[in-house]
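Notes follow the structure.
Residue numbering restarts at 1 for every chain, and letters A, B, ... go by the order of the sequence lines. Reckoned from all heavy atoms, side chains included, excluding hydrogens, waters and symmetry mates.
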Amino acid sequence: MSPPSQPHNRDAHQAGSTPAASDSCAASGEPGTSQRSARAWLLRVATLVLVAGLIVSALAKATLIGPLFGDVDLELEGGVQTLLVGASHAACAFNPEVLSGDALGQVVSVARQAELMLSTDAKLEALLDDNPGVRRVILAVSPIHMATWQDEHLFGRSPHSRAQIMDYYPLYGEHTRALLPLSNPDVLLAALKYDFGVPFNYTDDTGLYVRHLLGQMQPQHYRFWGGYTPPGGTHVAQRWADFVIKKYFYEDGEVGGVSELAIQSLERLAQRVHERGIQLVLVDTPAHERFRVAIPERHKLAYAALLKDLVERFPTIRIVNHADMALPDEWFYDPDHLNRGGGEAYSAILLETLTELLAEES
Amino acid sequence: MIFSTFSFLLLFLPAVFLAYTLALRSERVRTAKSVLVVASLFFYWVGSGAFFGWFVASVLFNYVLGRRLSLLRERGAARAARLVLTLGIVGNVTLLGYYKYANFTIFNLNMMFDLEMTYLYIVLPIGISFFTFQLIAYLVDSYRGLTSHYGLLDYLLFITFFPQLVVGPIVHHNDVVPQYQEMGRKTQRSSSIALGLFLFSVGCAKKLLLADPLTRWAQEGFDHTELLSMVEAWAASVSYTLSYYFDLSGYADMAIGLGLLFGISLPINFNSPYKARNFADYWQRWHITLSRFLGDYVFRSIYKKGGGSALFYVAIMGTFLVSGFWHGAGWTFVVWGVVNGVFVAMSHAMQRREWALPLPLAWGLTFLGVVGVRVLFVSSSFGDASDVFVAAFDWSSFSLSGHTYLAIKQPAYMLAGLAIVFLLPNSNRLRERFRPDWRHALVTAGLMLACLFDMSRPMDFLYFQF
């Protein structure tokens, strides 16, 4: 973009010269010999990739992937009584430190951004199996949480799909795995990694491997774990509200709506918790007014009908509806999520509500 | 579709390669070209969604205009040709303008006149900035009478050839159409396939093993600019500087490698830009094909030889202003373009006066400048950029521990990245030194394997957004 003098790329190959004339291996001998040696070279590379790949995979399966992901141990220290679960709403609004205390006992957050209900259910199952002392599960839900982005993240062959399947696959039971579409290459890749040991994603896993080898692996080190992770800052202008709505619901009547898969997963989660005698509290976390008014009415109605049906089937479920709670602008990160300060302040309000709720029940 | 994914590497590429090779071996050149065109259209369709129809219409529309321009030129109808050319350029710029700048315009109108206009839900079509440049260049050169001998298939291949369609290198028709016209049984040779595979593995490793993790960590910092400490601000800025280079040059290596798999030579796009000793030098090494395009079609349309110093500097500023707008619809990009223009103008002014700084100082200042303009480039607002600049020089926040937005592995990756950038030969050199021997086989297989084993979480290429 400078005045157009030619780039002084003394080592540059310019386009227009044919590769056969310009590439160095063609110049390294007789043309026929050169082509033969190139073919032999290609065969050599293919063999090396195949053989080394098989050896590395076998070693990885035996020494790292098998022990680390084969039987995921999620036992928590300190007698945890309450689990905070869900996707970004829970990760931004539920501060476990504020919520821990006499009313809820020791509280741990395993909420994670963009976590599908299907994955929340799978994670909760593993956690409840390993932690029989848990008495209460608090799950953040909302119309947007149950929307069809869940399906797209799973079936859409997007980076979200890859992240969701690769991260959570070890937790998925037979039932969940049967739901996963085999047409999605990500499912195949996850199976290859966890079932056959092909160490996909090894750079991300390096930290886990090192901790595992040093005997310092803890449940919270797994990528599916999550926690209380609200962002800082405030972006609640109308254009952000429009953007967030369009991002998740697109144009009304086109793609949005309540996901059947999310409904089934939520019902299974409720059933699971109910069978274990654990209390389930569904919290509709606060959303900014600009966001609430933009949610299409039919999504709200479908969502309300879903909750009503759940409560009828599982009467022990408690619902805390804080969606319409008017909170200061500066508590929000965007129109749909609280920020760090907002999460902390809101958790104090939620604790009061839950304390009253539990007192009424007792 | 991203090159560094299993679906591309294990499904798309082998299928296209096989069909193309069979067609060429049986001397069906038109079939071979058709295979590449259909594959390229499929490649674009996968990533472009609803825009695909517009893309095809635009490509065909430009072909018709190009033919018309050639015809008018032959008949000496200069005025009509100018009209057709204007129509074509306006059409291309309008399409680009709608998809890229409509919401930017609404934003500015809302700001200036206190309006409440609703933003449009527009998804930026992948690669639109790149192929629009190629289409405009084709029209301009048709007007100049340089493309009259191009057939439809060669033209389609020039615009759509999938290795360079979405992120460049931006090819001039003269780079590739003669190769398509000469395509034959000997176009695709084992030696070029071997070299292509080697370059592809180098590019893939740059992208997956270096650019992706560095981008993730840098973005984490730039998402929380108001909270960054001094060390974090520098780490995020340098990480982004490195990741942009590895990402874009990695893509270029892969594109050139893929081209060679099909026997097509694409132009180089990078030549160790961070070794530049001033900004003029930097822009001759960074995104070379974009520089060439802007030089040929913007700079030269403003400045003619003997036009005087003032016009020379005006042309530089004009060129970089266009570059800023081309890169993104936002005032940060415009200012980024202006700052680059000022730095390049300063470099030329110094060269004309034969002022030269000692090499280490010149290089150091240039690299600092590159990091600085990268901060502007990646920040979502001037406020974010300002936060990063302030934090970078805020000694009160200096600390070697307790960092939230500095990943554990980040310093090691940064050091490795800097070492590769400054100490190792670049891809052009590697290409020159390539021999089909055991050493190169081990390197290629090792890089391919390392990439394959780290391919489950690929990120989009950073320039997909332009």
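With values rounded to the nearest 0.5 angstrom, A/Arg39 atom CZ is found 9.5 Å from B/Ser191 atom OG. Atoms CZ and OG, from B/Arg435 and A/Ser37 in turn, are 10.5 Å apart once rounded to the nearest 0.5 Å.
In this structure, chain A has no heavy atom under 4.5 Å from any part of B/Leu11. For chain A, the nearby parts of B/His440 are the backbone and the side chain; heavy atoms of each come within less than 4.5 Å. Residue B/Tyr180 does not touch chain A at all, counting heavy-atom pairs closer than 4.5 Å.
Of the residues B/Pro436, B/Ser190, B/Ser192, the one that meets the side-chain contact (heavy atoms from CB on, under 4.5 Å) test with A/Gln35 is B/Ser190.
With sequence neighbours excluded, the residues that form a side-chain contact (heavy atoms from CB on, under 4.5 Å) with B/Leu227 are B/His224, B/Tyr405.
Counting non-hydrogen atoms of other residues, nucleotides and ligands closer than 6.0 Å to CD of A/Glu344 gives a total of 12 or fewer. More than 12 heavy atoms of other residues, nucleotides or ligands sit less than 6.0 Å from atom OH of A/Tyr168.
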Using a 3.5 Å cut-off and no angle test, enumerate the donor-acceptor pairs between side-chain atoms of residues 41-58 of chain A and protein atoms at least two apart in sequence or in another chain.
unit_1: A/Trp41; atom_1: NE1; unit_2: B/Asp437; atom_2: O; d: 3.0
unit_1: A/Thr47; atom_1: OG1; unit_2: A/Leu43; atom_2: O; d: 2.7
unit_1: A/Ser57; atom_1: OG; unit_2: A/Gly53; atom_2: O; d: 2.8

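Ranked by non-hydrogen atom pairs under 4.5 Å with chain A, the options B/Trp438, B/Phe293, B/Tyr303 are led by B/Trp438. For the set B/Ala450, B/Ala345, B/Pro169, B/Pro425, the entry with the most heavy-atom pairs within less than 4.5 Å of chain A is B/Ala450.
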